[in-house]
Amino acid sequence: LRGPNGAGKTTVLRALAGLLSPAAGAVTTDSADARIYCGVLNAAKPAHTVIETLKLWAALYGGAVDDALAAFGLEGYRSRAVRELSTGYKRRLGLTRLIVSRRPVWLVDEPTASLDAGAAQSFASLLAAHRARGGAAIIASHDPIDAPDARILELRP
């Protein structure tokens with residue numbers, strides 16, 4: 001999903017995630033367990049450590065913590081409180097929820113915002129691997145995402 005601020009990209013994702021009711025029409029899916037929403041606020045409590053956050057998500061979704069740590073280079077930050085992380089590392093942590101959740105459909109809002117080039121490439125690689133396994137992603141972004149065969153829907157305010 002592309003478009004200027006205020007065009008409704010986040011609203012569309014939140015409606016697809018079941019967090020908002022659409023103003024018109026309906027969103028129907030086979031199962032709410034098929035999708036995971038990853039918003040820009042990262043869903044991490046400031047007082048929790050990186051590992052506590054990942055263990056909580058693993059308990060909720062049944063995924064593996066170590067794979068998630070490695071995917072975004074967070075191994076050395078296990079004991080660090082979320083409030084002590086830079087904005088970019090908070091974003092990395094938020095994106096690990098996609099890995100831990102093991103959901104086939106990713107709804108991701110601005111995944112590369114605040115990421116350096118290496119972490120943005122890590123996200124692109126994870127996205128490619130997810131899609132190669134048959135997964136899907138709906139992504140709202142101002143930044144180009146390395147997904148050569150992606151379809152782009154341009155929203156206007």
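Positions are given from 1 along the sequence.
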**Study point:** Qualifying residue for side chain to side chain contact (heavy atoms under 4.5 Å, CB included) with D109, from L41, L13, V12
**Key:** L13
Check your understanding: Does the side-chain contact (heavy atoms from CB on, under 4.5 Å) test come out yes or no for C38 and L95, once each step is laid out?
Key -> CA-CA 7 Å; C38 185; L95 291 170; 4.0 Å; yes
Check your understanding: How far apart are the C-alpha atoms of H142 and N5, what are their side-chain angles, what is the distance that settles it, and do they pass the side-chain contact (heavy atoms from CB on, under 4.5 Å) test?
Key -> CA-CA 9 Å; H142 292 283; N5 292 339; 2.9 Å; yes
Review point. Can D116 and R92 be counted as an ion pair, charged N to O under 4.0 angstrom?
Key: yes
Check your understanding: Within the distance-only criterion (no hydrogens, no angle test), does the side chain of K9 pair as donor or acceptor with the backbone N or O of G3 below 3.5 angstrom?
Key -> yes
**Study point:** Non-hydrogen side-chain atoms of R14 and T10 separated by less than 4.5 Å
**Key:** yes
Exercise for review: Could you grab the distance from atom CD1 of I51 to atom CD of E75, nearest 0.5 Å is fine?
Suggested key: 10.5 Å
**Study point:** Minimum heavy-atom distance between D146 and A124, given as atom pair plus value
**Key:** CB-CB, 3.8 Å
Exercise for review: Report yes if the side chains of I36 and L98 come closer than 4.5 Å at any heavy-atom pair, otherwise no.
Suggested key: yes
Review point. With a 4.5 Å limit on heavy-atom distance, are the side chains of K45 and R83 in contact?
Key: no
Exercise for review: Give the minimum heavy-atom separation between G88 and L115, together with the two atoms involved.
Suggested key: O-CD2, 3.6 Å
Check your understanding: For A140 and P111, which heavy atoms make the closest approach, and how far apart are they?
Key -> O-CD, 3.7 Å
**Study point:** Main-chain N/O of T49 paired to R80 side chain as donor or acceptor, under 3.5 Å
**Key:** no
Practice item. Given side-chain contact (heavy atoms from CB on, under 4.5 Å), test H130 with W106 step by step and report yes or no. Key: CA-CA 9 Å; H130 176 68; W106 293 355; 3.3 Å; yes
Exercise for review: Could you tell me whether the side chain of H48 and the main chain of V82 form a donor-acceptor pair under 3.5 Å?
Suggested key: no
Point to revise | Heavy-atom pair of closest approach, residues A7 and L155 | key: CB-O, 3.7 Å
Revision key, fill the gap. Separation between CZ (F123) and CG (D143), nearest 0.5 Å, reads 11.0 Å
Check your understanding: For the hydrophobic clusters of this structure (ILVMFWY residues joined by side-chain heavy atoms under 4.5 Å, transitively), does one cluster hold both L126 and I139?
Key -> yes
Review point. How many angstroms lie between CZ in R91 and OG in S114, if you round to the nearest 0.5 Å?
Key: 8.0 Å
Practice item. List the steps and the verdict of side-chain contact (heavy atoms from CB on, under 4.5 Å) for I138 and V108. Key: CA-CA 6 Å; I138 301 173; V108 193; over 6 Å; no
**Study point:** R97 side chain vs Y37 backbone, donor-acceptor pair below 3.5 Å
**Key:** yes
Check your understanding: Can you hop from L20 to L16 via hydrophobic side chains spaced under 4.5 Å?
Key -> no
Study note, to complete from the structure: So CZ of R2 and CD1 of I145: to nearest 0.5 Å the spacing works out to 7.0 Å
Review point. Do Y61 and V65 share a hydrophobic cluster (ILVMFWY, side-chain heavy atoms under 4.5 Å, transitive)?
Key: yes
Review point. Nearest heavy-atom pair of A147 and L127: which atoms, and what distance?
Key: CB-CD2, 4.2 Å
Review point. How many angstroms lie between atom CG of L69 and atom CG of D66, to the nearest 0.5 angstrom?
Key: 6.0 Å
Point to revise | Worked verdict on R131 versus D149 for salt bridge (charged side-chain N to carboxylate O under 4.0 Å, His left out) | key: CA-CA 11 Å; R131 293 175 69 217; D149 60 339; 2.9 Å; yes
Review point. Is the backbone N or O of L1 less than 3.5 Å from a side-chain atom of E154, with the two atoms forming a donor-acceptor pair by type?
Key: no
Check your understanding: Is any side-chain heavy atom of F72 closer than 4.5 Å to a side-chain heavy atom of L93?
Key -> no
Review point. Between atom CD of E84 and atom NZ of K90, what is the distance when rounded to the nearest 0.5 Å?
Key: 10.0 Å
**Study point:** Minimum heavy-atom distance A58-G63, with the two atoms named
**Key:** CB-O, 3.5 Å
Review point. Does any N or O in the side chain of K55 come within less than 3.5 Å of the main-chain N or O of V50, such that one atom is a donor and the other an acceptor?
Key: no
